[in-house]
2 protein chains.
Amino acid sequence: MNAATHREFKDRLFEQFARVGKALSSPKRLEIVDLLAQGERTVEEIARETAMSVASASQHLQALKAARMVEARREGLYAHYRLADEDVFRTWQAVRSLAESRLSEVDSVVEAYLVDRDALEAVDATELMERLSDGNVVVLDVRPEEEYRAGHIPGALSVPVDALEAVLQTLPRDREIIAYCRGPYCVFSDEAVALLRSRGYRAHRLRQGLPDWRAAGMPVEG
Amino acid sequence: MNAATHREFKDRLFEQFARVGKALSSPKRLEIVDLLAQGERTVEEIARETAMSVASASQHLQALKAARMVEARREGLYAHYRLADEDVFRTWQAVRSLAESRLSEVDSVVEAYLVDRDALEAVDATELMERLSDGNVVVLDVRPEEEYRAGHIPGALSVPVDALEAVLQTLPRDREIIAYCRGPYCVFSDEAVALLRSRGYRAHRLRQGLPDWRAAGMPVEG
DNA sequence: CATATATTCAACAGATTAGTTGAATAGCAT
DNA sequence: ATGCTATTCAACTAATCTGTTGAATATATG
């Protein structure tokens with residue numbers, strides 16, 4: 001292969017790789033990917049949950065679809081979008097974790113909005129996995145119920161954070177409670193743990209969310 | 001946290017994550033990351049190897065530095081750039097492999113420029129690792145010698161592809177030869193295997209490059 | 001000190017991208 | 001069919017990005 005041809009080859013090849021990078025280069029698109037990791041969503045739901053106009057959400061979805069990272073299923077009036085495969089989540093995970101480890105600004109943002117998060121003493125997936133077999137721990141899935149139905153940690157109870165207050169008394173006071181959520185930056189579990197502690201329960205946050213749990217090869221039920 | 005604050009939190013957080021995505025959204029920057037995975041380089045070297053002007057290379061390097069993905073070391077007149085850590089390569093690997101699995105265009109490009117690549121019967125890292133202990137295989141590092149010096153597969157011989165012709169007769173005819181290179185799309189090993197085969201050697205290509213080998217936790221020498 | 005070289009910076013032009021608005025499309029309900 | 005709703009498309013503007021050019025900076029050498 002001569003030099004000019006070799007350059008052409010590389011240009012075309014890296015142009016393809018960059019399609020994936022470009023898809024991951026917008027905050028809103030990353031948020032969509034993170035959201036779709038919970039399960040499929042209609043355009044309207046995505047628009048609402050990411051605070052975008054429907055047209056804007058649709059356009060970002062087209063961009064993700066052009067990079068073959070999401071797929072749509074049409075059902076009646078609604079287009080249901082989902083991640084095209086597990087690797088999409090893994091790639092987003094790699095980007096997220098690189099940002100976590102290299103960009104101190106991520107910590108600054110977290111600290112600015114989630115005061116004293118360390119106090120919630122997050123537990124890691126592997127740690128929870130061990131304790132699950134001991135059976136001396138109660139796991140709460142504090143996401144919206146629909147997400148629980150789409151898959152949850154085996155044995156976890158579905159207690160959407162808004163419903164927590166109401167079911168508080170049914171929770172055993174003698175066992176440790178671990179609340180989990182959508183991902184490492186999902187605040188539902190922070191709120192749940194704070195409420196539980198204020199009522200005298202021993203509660204912790206699971207550091208990872210369900211998609212991370214699943215991607216780590218841990219068992220998922222339902 | 002009220003809804004408006006929550007939105008602000010997410011916006012700032014995902015803005016940070018997107019810095020990594022943006023850094024990976026240009027073909028040239030991906031090529032730089034891929035190149036730096038071989039070891040550090042000066043701006044001029046990067047510009048030459050990626051077919052860019054020096055000013056352009058410098059700007060892309062600034063962009064990567066702003067995302068804290070590369071670091072520079074100044075030595076006399078020269079700025080030596082390197083990947084900031086192993087996770088940067090792993091993230092690039094994730095992007096690359098997502099593109100490979102989801103974008104059929106990657107295959108089209110490879111097939112268009114590397115005719116009959118399958119014929120070279122690539123060997124996987126794990127497979128090579130097993131055969132290494134048997135000792136019945138010769139491993140050739142066909143990258144420029146300097147890259148060999150910066151780290152290579154234990155026991156591999158440094159035979160830059162241009163030098164292969166000259167050392168052909170010193171290679172044993174009775175053992176299988178496996179040539180490796182910079183990465184899965186590096187063509188040096190293709191050329192080496194083609195030449196070796198045309199002279200009657202049993203030769204194969206290692207599917208992964210040295211950075212992939214290293215990232216997979218395989219031993220690296222030198 | 002003057003000169004040479006590697007790199008960075010600043011200013012610019014052209015291309016691409018993000019978000020908005022309003023219209024078009026497609027499928028359901030009546 | 002008519003209306004209703006979810007989604008997509010098209011046109012537009014503002015903002016951002018890429019590459020180029022030439023100047024500025026920094027560090028070596030004579």
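Here is the naming used below: chain letters follow the sequence lines, and residue numbers restart at 1 for every chain.
Residues that satisfy the side-chain contact (heavy atoms from CB on, under 4.5 Å) test with E146(A), not counting sequence neighbours, are R149(A). When the side-chain contact (heavy atoms from CB on, under 4.5 Å) test is applied to R82(B), the partners found at least two apart in sequence or on another chain are E40(B), E71(B), R73(B). With sequence neighbours left out, the salt bridge (charged side-chain N to carboxylate O under 4.0 Å, His left out) criterion links D124(A) to R207(A). Considering only residues two or more places apart in sequence or on other chains, E191(B) meets the salt bridge (charged side-chain N to carboxylate O under 4.0 Å, His left out) condition with none of them.
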Could you go through residues 213-222 of chain A and list every donor-acceptor pair under 3.5 Å that involves a side-chain atom there, pairing it with any protein atom two or more places apart or in another chain?
| residue | atom | partner | partner atom | Å |
| --- | --- | --- | --- | --- |
| W213(A) | NE1 | P219(A) | O | 2.7 |
| E221(A) | OE2 | H152(A) | NE2 | 3.1 |

N/O donor-acceptor pairs under 3.5 Å from side chains in residues 23-36 of chain A, not counting sequence neighbours:
| residue | atom | partner | partner atom | Å |
| --- | --- | --- | --- | --- |
| S25(A) | OG | K22(A) | O | 2.7 |
| S26(A) | OG | K28(A) | N | 3.3 |
| S26(A) | OG | R29(A) | N | 3.1 |
| K28(A) | NZ | T50(A) | O | 2.8 |
| R29(A) | NE | A23(A) | O | 2.9 |
| R29(A) | NH1 | H60(A) | ND1 | 3.1 |
| R29(A) | NH2 | K22(A) | O | 3.0 |
| E31(A) | OE1 | R7(B) | NH1 | 3.0 |
| E31(A) | OE2 | R7(B) | NH1 | 3.3 |
| E31(A) | OE2 | R7(B) | NH2 | 2.8 |
| D34(A) | OD1 | W92(A) | NE1 | 3.0 |

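Here the range on DNA chain C touched by chain B, meaning any atom under 4.0 Å from one of its heavy atoms, is dT5(C) to dA10(C).
Between the CG atom in L140(A) and the CG atom in L206(A) there is a gap of 11.5 Å [rounded to 0.5 Å]. Remark: Q93(A) CD to T91(B) OG1 distance equals 10.5 Å, nearest 0.5 Å.
Note: F17(A) and F14(A) have perpendicular aromatic rings, judged against thresholds of 30 and 60 degrees for the angle between ring planes.
At a cut-off of 3.5 Å, with distance as the only test, a side-chain donor of E8(B) or Y113(A) sits close to an acceptor on the other residue. No hydrogens or angles considered: a donor-acceptor pair under 3.5 Å links the side chains of R19(A) and Q16(A). Side-chain contact of Y185(A) with E100(A): a donor-acceptor pair under 3.5 Å is present, judged by distance alone.
Residue Q62(B) contributes atom CD, which lies 15 Å from atom C1' of dC17(D) at whole-angstrom precision. Per the geometry, OH belonging to Y81(A) stands 15 Å off P belonging to dA6(D), to the nearest Å.
Within the 4.5 Å cutoff, side-chain heavy atoms of R117(A) are placed close to those of V110(A). No side-chain heavy atom of R205(A) sits under 4.5 Å from any side-chain heavy atom of E121(A).
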Please enumerate all protein N or O atoms sitting under 3.5 Å from an N or O of nucleotides 19-21 of chain D, with distances to 0.1 Å.
| residue | atom | partner | partner atom | Å |
| --- | --- | --- | --- | --- |
| dG19(D) | OP2 | H60(B) | NE2 | 2.4 |
| dG19(D) | N7 | Q59(B) | NE2 | 3.4 |
| dT20(D) | O4 | Q59(B) | OE1 | 3.2 |

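The stretch residues 31-46 of chain A comes close to DNA chain D through T42(A), V43(A), E44(A), each having a heavy atom under 4.0 Å from the strand. For the segment residues 72-80 of chain A, residues with any heavy atom less than 4.0 angstrom from an atom of DNA chain D are, sorted by number, R74(A), L77(A), Y78(A), A79(A). Residues from residues 6-22 of chain A placing a heavy atom under 4.0 Å of any atom in DNA chain C, listed by number, are K22(A).
When all heavy atoms of A179(A) and V142(A) are compared, the pair lying nearest together is CB-CG1, 4.2 Å. Across all non-hydrogen atoms, the minimal contact from V43(A) to Y81(A) is CG2-CE1, 3.5 Å.
Taking five base pairs at each end of the helix from dC1(C)-dG30(D) to dT30(C)-dA1(D) and finding the rotation axis that steps the C1' atoms of four pairs onto the next four gives two axes whose angle is 20°, to the nearest 10°.
With salt bridges taken as basic N to acidic carboxylate O contacts below 4.0 Å, none links E15(B) and K10(B).
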